[in-house]
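Note sheet for the following structure.
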Amino acid sequence: MGVKEVEWRENADFLKKAMIGFAVVFLITYGVALAEQNMPSNDYSTHADWASMIEWGRLGEYFRNTIAYPLWHFGVKFCESVLAVNLCKAAALVTALFNGFAYVSVLGIWKATHAHKLQKDKIVFWAVSLFLINPLYAPWFNSNYYLGQTAPNVWHNPTNIAVKGFAVASFGLVVWLLHKKEEKNRKLLPYLLLSAALVLSALAKPSFLQGFIPGLGIFIVLRLFLERKRFPFKFYVKLCAACVPAVAVLLLQSLATFFNTDYIRPESKIRIGWGTVLYQWTPSLFVSFLLSFAFPLFVFVLNFKKLIRKEEIQVMLCYEAAAWLEAVLLYEEGSAFGQANFTWAGLLSAFIVWCVMLYYFIVELYDSEGYGTIRKKVTVYGGILLFAGHLLFGVIYWYRLFSQVARY
């Protein structure tokens, strides 16, 4: 059997497993999205109602006065009006497809980043698991599993699911460009793709950009300080230029939300206060952070010297810091106070953190270097144990949400 034939069979086998993984992610999302709509008050029904209000000839008015991030709503309206799908099922279908796209984005980014270090027949399991993991649970600390913690997988909000794929693609493109910045490659296509992904992320939900743009700014300042005379100024100018269209959309969304008297929350005002919203549900921001990020922190700390020098890790840390501080410091005064809308940036950044740190864990897991050493055993067995805990509580959370709502 030739090398090409072996490679073809491996790729075919991987594609088959990847399709099975897509089906799993699609079904678990579709099921809980459908079940959520049985509740008397839920985000799916609210957003679906807004989707049904779309008039294709009056999109500007819809953007200003109904919802400023209508990408999910466009998909639902298309399914309802063109494909004649029931509104409830259309909401579940579109949400499941968006989460499936996020799954494909994760596989694509993992395979594009040193794919030779990952075993193709293994990464599908880890990718599917990534869409089920959630914080560890300590009922003696906080009886609310979701509230107060930072959940990378949120099931009750369709637009948060809609933006995940674009967030992964945008982050992955930035990392790819950083890896290529030393090469004399003047192609504009990667920058155009990044710009498009960022704009689509804003139209799906602006929460990704709310954390990522300031985080990227912090990273650029950090690199300027570290590199000084070696700082590739032209590269970062092009990188920032790729972000301009998305920032313009974000600005329009902010104007429509907070400075438009015809909007659904005209009385909302942005305020600053340390943990003003989160302390309603958690007695300690620090403990909640540990419960949410136990596995990523474990992987990062054990591989600190190796990881901290990587630019993708630095971008991730800057992004997470900006998003977490936004969740802790900012809140809306008025009717939207209890909705904790500024925590969405932190929820999305948590998924990116998990995506990145899980990648480096599975690289370490399948790497034979250091096999049999104490450090390797601690990394592998400790990581698997922590990951299993996050996965177990994530599955239980999904099941309870699905079964309780379905029985309502």
Side-chain angles (χ1 to χ4, degrees), residues 36 41-44 46-47 67-69 72 102 133-138 141-164 166-167 171 201-202 204-215 250 253-254 257-258 264-265 268-294 296-297 316-355 390 393-394 397 401:
E36 276 277 353
S41 177
N42 62 83
D43 287 359
Y44 284 89
T46 300
H47 282 281
I67 191 74
Y69 45 98
W72 181 89
I133 51 90
N134 261 323
L136 300 176
Y137 185 41
F141 164 74
N142 185 0
S143 59
N144 294 312
Y145 176 70
Y146 167 75
L147 296 175
Q149 279 60 254
T150 305
N153 288 296
V154 176
W155 297 108
H156 71 273
N157 185 276
T159 53
N160 181 76
I161 293 175
V163 74
K164 283 165 70 174
F166 300 111
F171 186 88
S201 78
K205 196 178 185 71
S207 303
F208 169 65
L209 288 183
Q210 289 172 5
F212 186 68
I213 294 299
L250 187 62
Q253 290 171 324
S254 299
T257 303
F258 298 104
I264 56 174
R265 297 199 311 270
S268 291
K269 293 182 175 61
I270 300 176
R271 294 288 186 258
I272 298 176
W274 182 260
T276 302
V277 172
L278 292 178
Y279 276 132
Q280 297 179 100
W281 305 300
T282 177
S284 171
L285 297 178
F286 176 72
V287 175
S288 287
F289 187 87
L290 288 179
L291 290 173
S292 303
F293 293 97
L297 282 171
M316 180 201 76
L317 291 173
C318 292
Y319 169 34
E320 172 58 31
W324 186 81
L325 286 173
E326 178 182 319
V328 172
L329 289 172
L330 301 182
Y331 67 96
E332 287 182 89
E333 182 182 74
S335 61
F337 174 79
Q339 297 176 17
N341 288 314
F342 282 106
T343 62
W344 289 112
L347 298 174
L348 288 167
S349 68
F351 186 81
I352 297 296
V353 169
W354 268 90
C355 181
H390 282 282
F393 287 118
Y397 176 59
L401 218 111

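Heavy atoms only: backbone and side chains are in, while hydrogens, waters and symmetry mates are out.
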Residue that, paired with P152, satisfies side-chain contact (heavy atoms from CB on, under 4.5 Å) out of N134, I352, V353: N134
State, to 0.1 Å, how close E326 and G211 come at their nearest heavy-atom pair, and which atoms those are. OE1-N, 4.0 Å
Minimal non-hydrogen separation, Y44 against N157, with atom names: CE1-N, 4.3 Å
Less than 4.5 Å apart, side chain to side chain, heavy atoms only: is that true for L136 and H390? yes
Between F337 and R271, is a side-chain contact (heavy atoms from CB on, under 4.5 Å) present by the stated rule, with each step listed? CA-CA 10 Å; F337 174 79; R271 294 288 186 258; over 6 Å; no
Find the distance between OG (S254) and CD (Q210) and round it off to the nearest 0.5 Å. 7.0 Å
Could you measure the distance from the OG atom of S284 to the CG atom of L291? Nearest 0.5 Å is fine. 9.0 Å
Any non-hydrogen side-chain atom of F141 less than 4.5 Å from a side-chain atom of S288? yes
Would the distance check show the side chain of Q253 and the main-chain N or O of P206 forming a donor-acceptor pair, the cut-off being under 3.5 Å? no
Least distance between heavy atoms, W281 atom then G148 atom: CB-N, 3.8 Å
Check the pair Y69 / V163 against side-chain contact (heavy atoms from CB on, under 4.5 Å), numbers first and verdict last. CA-CA 10 Å; Y69 45 98; V163 74; over 6 Å; no
Can you tell me how far apart CG (L329) and CH2 (W324) are? Round to the nearest 0.5 Å. 8.0 Å
About how many Å separate NZ of K205 and CD1 of I161, when rounded to the nearest 0.5 Å? 10.5 Å
Is the shortest heavy-atom distance from the side chain of V277 to the side chain of F342 under 4.5 Å? no
Holding to ring-ring contact (aromatic ring centres under 6.0 Å, His included), I want the full list of residues that pass it with Y279, two or more places apart in sequence or in another chain. none
Is there side-chain contact between L348 and F212, with heavy atoms separated by less than 4.5 Å? no
Might you point out which heavy atoms bring G346 and S349 nearest each other, and give the distance in Å? O-OG, 2.9 Å
Could you tell me if the side chain of N160 sits less than 4.5 Å from the side chain of S207, heavy atoms only? no
Would you call Y397 and W155 a side-chain contact if the rule is heavy atoms closer than 4.5 Å? yes
How long is the straight-line distance from NZ of K164 back to CG of L347, given to the nearest 0.5 Å? 10.5 Å
On the 0 to 90° scale, with breaks at 30° and 60°, tag the F393-Y145 ring pair as parallel, tilted or perpendicular. tilted
Taking the side chain as every heavy atom from C-beta outward, state whether V287 and T282 have any pair of such atoms under 4.5 Å apart. no
Of all heavy-atom pairs linking V154 and A151, the shortest is CG2-O, 3.6 Å
Should L285 and W274 be marked as a side-chain contact (heavy atoms from CB on, under 4.5 Å) after you check the CA-CA gap, both sets of side-chain angles, and the distance that decides it? CA-CA 10 Å; L285 297 178; W274 182 260; 3.8 Å; yes
Heavy-atom side-chain contact between N153 and W354 under 4.5 Å: no
Using ring-ring contact (aromatic ring centres under 6.0 Å, His included) as the criterion, point out the one residue from F351, Y319, F171 that pairs with F208. Y319
Minimum heavy-atom separation for A350 to F293, with atom names? CB-CZ, 3.7 Å
side-chain contact (heavy atoms from CB on, under 4.5 Å) between N42 and H156, intermediate numbers included: CA-CA 7 Å; N42 62 83; H156 71 273; over 6 Å; no
Nearest 0.5 Å please: distance from the OG1 atom of T150 over to the CG atom of L278. 7.5 Å
Any donor and acceptor pair, going by atom type alone, linking the side chain of N144 with main-chain N or O of Q149 inside 3.5 Å? no
